[in-house]
Amino acid sequence: MARRKFKVGDKVTVIGSPAVSFTPGVKDELANEKPFTSMVGKVYTVKGFDKIGNAELWPKRSDVVWIEPEFLQLRREETEQD
């Protein structure tokens with residue numbers, strides 16, 4: 001079965017977060033990892049995509065997060081039947 005691609009407007013659940021790594025001695029002064037880990041398990045609407053296919057999600061009104069589709073799962077509609 002082919003994996004379904006997401007489209008703008010789809011509801012997705014964040015099922016994981018990308019690994020954020022830094023050169024030894026460099027601190028995460030901008031707290032880059034926190035937005036991703038706090039999103040795991042929550043549902044968002046896909047707002048768009050960047051040139052390489054990352055999904056645009058808005059976890060807060062003023063913040064945008066770009067995340068790889070491999071960390072997203074399409075949310076099944078509660079009215080959908082098997």
Side-chain angles (χ1 to χ4, degrees):
M1 174 189 246
R3 184 176 173 159
R4 178 181 170 174
K5 294 183 179 181
F6 303 112
K7 61 184 183 289
V8 174
D10 279 348
K11 298 282 187 188
V12 294
T13 303
V14 178
I15 58 171
S17 63
V20 179
S21 60
F22 298 92
T23 304
V26 175
K27 296 180 182 178
D28 185 9
E29 294 177 5
L30 299 176
N32 290 308
E33 192 170 3
K34 187 176 180 180
F36 293 108
T37 57
S38 67
M39 293 172 63
V40 174
K42 296 181 182 170
V43 176
Y44 299 95
T45 302
V46 176
K47 300 294 186 178
F49 296 93
D50 65 10
K51 292 180 181 180
I52 61 172
N54 293 328
E56 175 186 353
L57 306 179
W58 288 78
K60 296 181 181 178
R61 291 183 180 182
S62 61
D63 294 331
V64 62
V65 171
W66 299 93
I67 189 167
E68 295 92 334
E70 66 194 61
F71 298 111
L72 303 175
Q73 180 177 19
L74 188 64
R75 182 173 181 234
R76 285 185 61 155
E77 295 297 326
E78 294 177 15
T79 59
E80 183 177 313
Q81 297 181 9
D82 294 334

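- Between L74 and F6, the closest heavy-atom pair is N-CE2, 3.5 Å.
- One distance of note links CG of D50 with CD of E68; it measures 9.0 Å at 0.5 Å rounding.
- Note that the CG atom of L72 and the CD1 atom of I15 stand 7.0 Å from one another [nearest 0.5 Å].
- Contact between P69 and G53 at its shortest, heavy atoms only, is CG-O, 3.3 Å.
- Between G16 and I67 the shortest heavy-atom distance is O-CD1, 4.0 Å.
- Evaluation of the side-chain contact (heavy atoms from CB on, under 4.5 Å) rule for K42 yields Y44 as partners, not counting sequence neighbours.
- Among V12, T45, V64, the one residue that satisfies the side chain to side chain contact (heavy atoms under 4.5 Å, CB included) test with L57 is V12.
- Residues satisfying the side-chain contact (heavy atoms from CB on, under 4.5 Å) test with V8, not counting sequence neighbours, are F49.
- For the residue pair V46 and A55, the shortest heavy atom distance occurs at CG1-CB, 4.4 Å.
- Remark: T13 pairs with no residue by the side-chain hydrogen bond (donor to acceptor under 3.5 Å, both in side chains) rule, at least two apart or across chains.
- Shortest non-hydrogen contact noted between K5 and D10 is O-OD2, 4.3 Å.
- One hydrophobic cluster holds both W66 and W58 under the rule that ILVMFWY side chains link at heavy-atom gaps under 4.5 Å.
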